[in-house]
Amino acid sequence: MSETRAAAFERIAAELGYDFSGEMKIGGNYVPFLIEGNQVHVSGQIPRVGDEIVVIGRAGSEVSMADAQLAAKVCVMRALALLRQALGDLDRVRRVLQLNVFVQSAEHFIQLSEVADGASAVLYEVLGAAGVHTRTSVGVYQLPKNATVELNLLAVAHDLPG
């Protein structure tokens with residue numbers, strides 16, 4: 001029998017060395033996710049674990065490719081934790097439709113898609129075919145809290161109460 005979504009999530013969390021079971025802190029007058037119909041919109045997630053932003057600075061100068069990809073993985077694990085919170089179970093995710101990845105980049109850094117690949121790989125590893133999505137990756141000058149990556153996503157769910 002193949003690994004469940006919940007087991008894959010916990011395995012990746014352990015491999016990364018972070019716990020995503022606690023409260024997902026937000027810093028403003030907004031909600032971390034919003035359900036509209038069968039869609040779940042997950043707000044922008046930075047690589048925060050507890051009170052710490054675990055990867056900060058510009059990709060391509062202060063931050064290596066490996067660390068930028070780690071930031072993307074932490075961000076998407078937070079998004080998955082919020083999907084689990086919104087839906088009660090990752091098995092209720094029918095499909096991730098869209099992933100938007102913003103990378104705080106050095107002036108000549110162009111490997112934005114490679115950074116975003118870290119998040120895409122996690123979505124596929126946890127959700128299988130349901131984690132295959134459309135994606136936009138954009139280089140930006142600044143992100144909140146000097147985070148290296150911020151991402152948001154849109155998912156469609158099964159069996160939402162009507």
Side-chain angles (χ1 to χ4, degrees), residues 3-36 39-59 63 65-105 112-128 130-138 140 142-157:
E3 187 177 43
T4 67
R5 290 177 175 182
F9 179 89
E10 294 304 329
R11 178 182 49 76
I12 293 167
E15 289 170 0
L16 294 173
Y18 297 118
D19 179 10
F20 297 96
S21 63
E23 176 188 358
M24 294 287 130
K25 296 184 179 197
I26 61 171
N29 189 20
Y30 63 94
V31 293
F33 59 83
L34 187 63
I35 298 173
E36 179 65 32
Q39 296 184 343
V40 184
H41 298 260
V42 177
S43 292
Q45 299 301 306
I46 60 176
R48 180 190 322 235
V49 178
D51 292 326
E52 181 186 3
I53 313 302
V54 297
V55 185
I56 59 171
R58 295 187 184 288
V63 178
M65 174 60 73
D67 285 343
Q69 288 175 328
L70 170 64
K73 290 175 183 181
V74 171
C75 291
V76 84
M77 288 293 287
R78 286 178 54 89
L80 285 166
L82 287 168
L83 280 173
R84 181 175 63 187
Q85 181 182 334
L87 301 173
D89 187 336
L90 289 174
D91 289 336
R92 292 182 67 191
V93 175
R94 186 171 80 204
R95 182 99 201 211
V96 175
L97 298 176
Q98 175 73 39
L99 178 67
N100 298 304
V101 181
F102 305 92
V103 182
Q104 183 184 183
S105 303
L112 305 167
S113 291
E114 290 84 347
V115 172
D117 285 344
S120 294
V122 168
L123 285 174
Y124 183 75
E125 198 167 344
V126 173
L127 300 174
V132 177
H133 51 273
T134 64
R135 184 177 82 189
T136 301
S137 49
V138 179
V140 298
Q142 264 180 324
L143 286 172
K145 314 286 188 212
N146 197 29
T148 301
V149 174
E150 181 173 12
L151 62 76
N152 69 316
L153 62 79
L154 172 62
V156 177

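Predicted model only: the values in this text are computed from it and were never measured.
At least one donor-acceptor pair closer than 3.5 Å links the side chain of Gln45 to the backbone N or O of Ser43. The backbone N or O of Val132 sits less than 3.5 Å from a side-chain atom of Arg95, completing a donor-acceptor pair. Judged by distance alone, with hydrogens and angles left aside, the side-chain atoms of Ser21 form no donor-acceptor pair with the main-chain N or O of Asp19 at under 3.5 Å. No donor-acceptor pair under 3.5 Å is formed between the side chain of Glu125 and the backbone N or O of Ala8.
At least one side-chain heavy atom of Leu16 sits less than 4.5 Å from a side-chain heavy atom of Met77. Counting only heavy atoms from C-beta outward, the side chains of Ser137 and Val115 never approach each other to under 4.5 Å. At least one side-chain heavy atom of Leu87 sits under 4.5 Å from a side-chain heavy atom of Val93. By the 4.5 Å heavy-atom criterion applied to side chains, Asn146 and Gln104 are counted as neighbours.
Interatomic distance, Leu151 CG to Arg135 CZ, rounded to the nearest 0.5 Å: 10.5 Å. Remark: Leu99 CG to Asn152 CG distance equals 7.5 Å, nearest 0.5 Å. Distance check, rounded to the nearest 0.5 Å: CZ of Phe20 to CD of Gln85 gives 14.5 Å. Distance check: Leu90 CG to Arg84 CZ gives 6.0 Å after rounding to the nearest 0.5 Å. Taken from CE in Met65 to CD in Glu114, the straight-line distance is 5.0 Å, to the nearest 0.5 Å. Residue Leu83 holds its CG atom at 9.0 Å from CD1 of Ile35, rounded to the nearest 0.5 Å.
Within 6.0 Å of atom CZ in Phe33, more than 12 heavy atoms from other residues, nucleotides or ligands are found, so the atom counts as buried in its surroundings.
In terms of heavy-atom proximity, Leu82 sits nearest to Pro32 at CD2-CB, 3.8 Å. Residues Ala59 and Ala68 come closest through the heavy atom pair CB-CB, 4.1 Å. Shown here for Arg5 and Val126, the closest heavy-atom pair between the two residues is CG-O, 3.1 Å. Nearest heavy-atom pair, Arg78 versus Arg48, reported as atom, atom and distance to 0.1 Å: NH1-O, 2.9 Å. Ser105 approaches Leu112 most closely through the heavy-atom pair OG-CD2, 3.3 Å. Nearest heavy atom pair, residue Ile46 against residue Cys75, reads C-SG, 3.4 Å.
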Worksheet item: What do the steps show when you test Leu80 against Val42 for side-chain contact (heavy atoms from CB on, under 4.5 Å), and what is the final call?
Response: CA-CA 9 Å; Leu80 285 166; Val42 177; over 6 Å; no

Worksheet item: Given Val140 and Glu150, is the side-chain contact (heavy atoms from CB on, under 4.5 Å) satisfied, shown in steps?
Response: CA-CA 10 Å; Val140 298; Glu150 181 173 12; over 6 Å; no

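The residue from Thr148, Asp67, Leu70, Val49 that alone fulfils the side-chain contact (heavy atoms from CB on, under 4.5 Å) condition with Val54 is Val49.
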